[in-house]
Structure formats: C-alpha cells, structure tokens
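Note that these values count all heavy atoms, side chains included, but never hydrogens, waters or copies made by symmetry.
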Amino acid sequence: MSVTTTTHLNFQGDARAALDYYQSVFGGRIAAVTYKDMGNAQNENEADWVVWGEVAGDNGFHVMAYDVPSQLPWDRGSNPFFVSVRGDDTDEVSALWHRLTEGSTVVQPLGSSQWAPLYGMLTDRFGVTWVLDVAAPYNG
C-alpha cells in the first residue's frame, strides 16, 4: 500500500484559470466539474465555478483546485502553504521555473543553495507560493 499527497488549492472564482495556467506550465490533463455540472449552483453567477478540478501529468505532477462558494468563509491567506516541486534534473526544473515565473513575484531567485544544487521560491499571480528545487541526498 502507498500513500500520496496532493496539494489542494482553494480559490474563489479563479480555479479554472489556475488549472489552465498550471497545465500550461507542467503539462498533463485537466479534469474539472462545475457547480452547474453537479446541479448544485446556489448562486447563478457561480454556476461555472469549479467544485472539483485537477491537473494530473504522466510526469507525476498533480494539483487539485476548488472554488469556495461565496456563502462560505474564504480568505486568500498569507503563506498558508507552499507547493513543492522537486526534481532530479536541473534542466527540467529550470524550464518549469521559467514558465512559472510568468506574472509571478520571485521570493528567492533560482540558484544554488546550501541544501540543494538548485532552489528557488516564487508567488504566482494567483497568490500560491511555489518552491522548486533539485533534490540532493540528505546526510543528517
């Protein structure tokens, strides 16, 4: 038996745009179900919002997204989580970094660090903070 974790991102009206953007960066397939699809649109203006969505790639990338309906409390928050993307190929991680920087604020430029051959942090245009790095053996 194995257990995996998937980052689940909460938005309020931006889930579809975020899924499209992340798919353009990482590739993979998008699946999305709207409130209208479920027959559960409490607010007609939110009928096309995503009640469940994901991007899943053959390379192992997986993220889920949801639009919190306006009648529920939601706050974008301040660094409530980071999404970690770790690879073992410098070129691949660099390419993902460069695509993800579009419209983003770089927190830590991509470069070598004390703990990884390549590490960087940015906050994308949807307010999600991403950490990208090349895995290094830990000898602790």
Side-chain angles (χ1 to χ4, degrees):
M1 182 165 115
S2 67
V3 175
T4 62
T5 60
T6 301
T7 303
H8 192 284
L9 308 171
N10 296 330
F11 299 96
Q12 202 161 55
D14 287 327
R16 172 77 68 172
L19 289 170
D20 289 342
Y21 175 63
Y22 300 142
Q23 191 233 9
S24 77
V25 171
F26 295 100
R29 298 163 306 285
I30 293 179
V33 178
T34 66
Y35 286 97
K36 180 171 48 182
D37 295 337
M38 298 284 294
N40 191 23
Q42 302 292 317
N43 179 336
E44 192 56 38
N45 294 332
E46 300 169 8
D48 292 324
W49 284 14
V50 174
V51 70
W52 176 85
E54 72 175 359
V55 175
D58 293 335
N59 61 0
F61 179 80
H62 188 207
V63 68
M64 297 170 66
Y66 158 68
D67 281 316
V68 178
S70 61
Q71 73 266 19
L72 295 178
W74 179 78
D75 183 345
R76 191 173 189 171
S78 177
N79 292 328
F81 60 88
F82 295 148
V83 180
S84 174
V85 177
R86 174 169 279 176
D88 56 11
D89 181 273
T90 303
D91 291 336
E92 182 180 20
V93 170
S94 294
L96 294 172
W97 172 268
H98 290 294
R99 289 196 300 258
L100 200 55
T101 57
E102 178 188 326
S104 297
T105 301
V106 173
V107 177
Q108 175 66 45
L110 188 66
S112 62
S113 71
Q114 294 176 330
W115 59 89
L118 200 60
Y119 170 87
M121 180 187 291
L122 59 82
T123 301
D124 72 17
R125 65 183 182 213
F126 298 104
V128 177
T129 300
W130 295 79
V131 174
L132 282 75
D133 69 345
V134 172
Y138 177 71
N139 299 317

Nearest non-hydrogen partners of Arg16 and Ala32, listed with the distance: NH1-CB, 3.6 Å

Taking every non-hydrogen atom, the tightest pair across Gly53 and Leu19: CA-CD1, 3.9 Å

Flag, side chain of Glu92 to backbone of Gly87, donor-acceptor distance under 3.5 Å: no

Any donor-acceptor pair under 3.5 Å from Asp67 side chain to Val50 backbone: yes

Criterion side-chain hydrogen bond (donor to acceptor under 3.5 Å, both in side chains) on Trp130 and Asp124, from CA distance to verdict: CA-CA 8 Å; Trp130 295 79; Asp124 72 17; 2.9 Å; yes

Distance in Å, Met121 CE paired with Ser104 OG, rounded so as to fall on 0.5 Å steps: 13.0 Å

Interatomic spacing from CD in Gln12 to CG in Asp75 - rounded to 0.5 Å: 10.0 Å

Sequence-distant partners of Asp58, salt bridge (Lys or Arg N to Asp or Glu O under 4.0 Å), two or more places apart: Arg29

Counterpart residues, salt bridge (Lys or Arg N to Asp or Glu O under 4.0 Å), relative to Arg99 (two or more places apart): none

With clusters defined by side-chain heavy atoms of hydrophobic residues (ILVMFWY) lying less than 4.5 Å apart, directly or transitively, does [Y] cluster with [X]?
X      : Y      : answer
Val68  : Val128 : no
Val83  : Val63  : yes
Leu96  : Phe126 : yes
Tyr35  : Ile30  : no
Val134 : Val106 : yes

Side chains of [X] and [Y], heavy atoms from C-beta outward: is any pair under 4.5 Å?
X      : Y      : answer
Glu102 : Arg125 : yes
Trp97  : Leu122 : yes
Val51  : Asn40  : no
Val85  : Val93  : no
Asp14  : Tyr21  : no
Leu72  : Trp74  : no
Leu9   : Tyr22  : yes
Leu110 : Ser94  : yes

More than 12 heavy atoms from other groups under 6.0 Å of CD on Gln71: yes

Residue pair Leu132, Leu100: steps toward the side chain to side chain contact (heavy atoms under 4.5 Å, CB included) verdict: CA-CA 10 Å; Leu132 282 75; Leu100 200 55; 3.9 Å; yes

Pairs meeting criterion ring-ring contact (aromatic ring centres under 6.0 Å, His included) with involvement of residues 36-70, two or more places apart: Phe26-Phe61

Stepwise side-chain hydrogen bond (donor to acceptor under 3.5 Å, both in side chains) check, Asp37 with Thr34: CA-CA 5 Å; Asp37 295 337; Thr34 66; 3.1 Å; yes

